[in-house]
Amino acid sequence: MPHKVGIVATGQTKHTAKRTDINLRELITEAVTRALDDAGLRMSDIDAVMLGNMEPFEGFMLPELWSVEGWGGLGKPAMKFNTGGTVGTSTAIAAYYFVASGIYDTILAVGFEKQSEGHTQTAITTVGDPLWERTMMAGAIGNFAVMASTYVHESGVTEEHAAKIAVKSRRNACNNEYAHLQMPNLTVEEVLASPYLAYPVRRLDFCPQSDGACAMVLATESKAKKLAPQPAWIKAVATAHEQQYMGDSPRRLADMRSQRAASQRVYKACGISDPVRDLDVAEIYEVATYAELAMYENLGFCAPGQSGKLIDQGVTTMSGQLPVNPSGGVLATNCIGATAMIRVAEAALQIMGKAGKRQVPGANLALATGYGGNAWTDALILGRE
Amino acid sequence: MSESHWIVKQKIEIPFHYTPGPALLRFLEGLRDGKLFASGVRGESRKTVPPLSFCGRSWKPADDWAELPGTGTLESFAVVPHGMAELPQEGERIVFGLVKLDGADTCLAHLIHTKEPGKLKVGTKVRLRWRAERSPGIQAIAGFDLL
């Protein structure tokens, strides 16, 4: 049986398009210092460090090497993860495994990305098959638009539904002091007036590119109880992988097999049969508005074809039955190596009752997901018990 | 058989923009002005060059600054048996070295200028030579001469 593991502290930078005042190492230190301060710990109290980053988005390889003084890795056991969009959740899950297995008592997990220093889309271009897909559908936007159009045509979601998601995200972000895109007055009309990046995806349908870092401290049950009045206990974790050519799965967004598999696994582990009823809050990894709508279906928040109705009825807004992404989500902040960890950290803040203006009152059970790489999904359930 | 193997050639260019942060900015400005700076944690003797803004060992700010005299000791080196168009050289060979600068605890990587690289030894004393025209980068330094 795995030992009980709690998240006891989190730290984030103020995410923004370009952090030109500090270097990569200093960006990481900012988040790590905040997490250590949050737990009342010193670096010497940390047994091991798990590091997440998606190279070469910064423009060079092994950024952990010359940034080591900034993340506390000197002389400590450390591992680095590089799994695409899921990197932050992969890193958090690895940290969980090490504590749950009894190998380490107190672990620091860190995710970071300083995209302004490199060229993310160039790096993403190398992800597709070099002969058959690189020239045709390279980069994130075109690739995603191709997936989204199938979903739009099958599900019947409209541009207005997508625009409502865009507005929800950027308005929620105004309650999050760390969020990148905070747009308190954004309207559906403005989203619909923003230009197409690639049909059906408009500029305001897509996530920004951010510089930022996130850190968390995870600890064994006895230590967690001493370090935090209310730890965020990790109730279940799951990772589901998928690997394919784009051409193998035109319905990749409409039918996210890894997302269904990972979420069903954590729901089953926690006895969740109706996620909208049983969960109190969700922090999901949605790179675009259409992704969030598709994820409502694939995470079991609604029946197929009903995601538009869910946002029309306000079920996933702050005042709805299941608020999705009170932080503003990926649509408001995407510092890739940190992004999925931010989902976990924000879910943890909700469970710990420390989410400030974005707090969902009495949040007892939270879902956090990571999505990316080649359509992989990570899922975690956090709870107060 | 090799002529029957196809090779598809592609090229990927990755742009890169470096943000120095406060400590390295001061170091770069020093290079431009012909000054070599190191930093360390107040109350600790260890100094690093290039300087860090934060010490990962004691987890404290490294804001105790020192200007270094530019002399040092060769800790390690490599002799390349041909020249390189991008690098200035004396003689026919290029020598790269790691120099532990007096007043610092870390080494700086740069060119070692000597016409007799065969006589170099670990422990050889060297002195930094500035370029006449300096831009804020490591090439503001021409290299190290033997003392």
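All values below were derived from every heavy atom in this structure, side-chain atoms included, with hydrogens, water molecules and symmetry-related copies excluded. Residue numbering restarts at 1 for every chain, and letters A, B, ... go by the order of the sequence lines.
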Do B/I12 and A/R134 come close enough that some side-chain heavy atom pair is under 4.5 Å? yes
Spacing of OG belonging to B/S58 relative to CD belonging to A/E69, to within rounding of 0.5 Å: 8.5 Å
Just how far is it from atom CD of B/Q10 to atom OG1 of A/T125, taken to the nearest 0.5 Å? 10.5 Å
Is the number of heavy atoms from other residues, nucleotides or ligands under 6.0 Å of A/W132 CH2 greater than 12? no
Counting heavy-atom pairs under 4.5 angstrom with chain B, the leader among A/T126, A/T29, A/L131 is A/T29
Between A/F60 and B/I14, does the side-chain contact (heavy atoms from CB on, under 4.5 Å) criterion hold? Intermediate values first, please. CA-CA 8 Å; A/F60 59 95; B/I14 302 184; over 6 Å; no
When you look at A/R25 and B/L52, which way does the side-chain contact (heavy atoms from CB on, under 4.5 Å) test go after all the steps? CA-CA 9 Å; A/R25 178 170 49 218; B/L52 298 176; 3.0 Å; yes
With side-chain contact (heavy atoms from CB on, under 4.5 Å) as the test, would you mind laying out the steps for A/I22 and B/T19 before giving the verdict? CA-CA 7 Å; A/I22 51 176; B/T19 310; over 6 Å; no
Shorter than 4.5 Å, heavy atoms on both sides: which option in A/L27, A/V68, A/T33 has the most such pairs with chain B? A/T33
Taking every heavy atom of A/S116 against every heavy atom of B/H17, the minimum-distance pair comes out as O-ND1, 3.4 Å
Would you say NZ of B/K35 has more than 12 non-hydrogen atoms from neighbouring residues, nucleotides or ligands within 6.0 angstrom? no
Top contributor to chain B interface from A/M43, A/E58, A/K18 [non-hydrogen pairs under 4.5 Å]: A/M43
Examine distances only and state if a side-chain atom of A/N23 and a backbone atom of B/P20 form a donor-acceptor pair shorter than 3.5 Å. yes
Find out whether B/E13 and A/T122 are in side-chain contact, i.e. whether some heavy atom of one side chain is under 4.5 Å from a heavy atom of the other. no
Pairwise distance CD(A/E30) to CZ(B/F54) - rounded to 0.5 angstrom: 11.0 Å
Ignoring hydrogens, what is the shortest heavy-atom contact between A/E26 and B/A23? Give both atom names and the distance. OE2-N, 4.4 Å
For A/L74 and B/W59, run side-chain contact (heavy atoms from CB on, under 4.5 Å): C-alpha distance rounded to whole Å, both residues' side-chain angles, the deciding distance at 0.1 Å, then the answer. CA-CA 11 Å; A/L74 278 175; B/W59 207 254; over 6 Å; no
If you measure from CG on A/D21 to CG on B/L25, what distance do you get to the nearest 0.5 Å? 11.0 Å
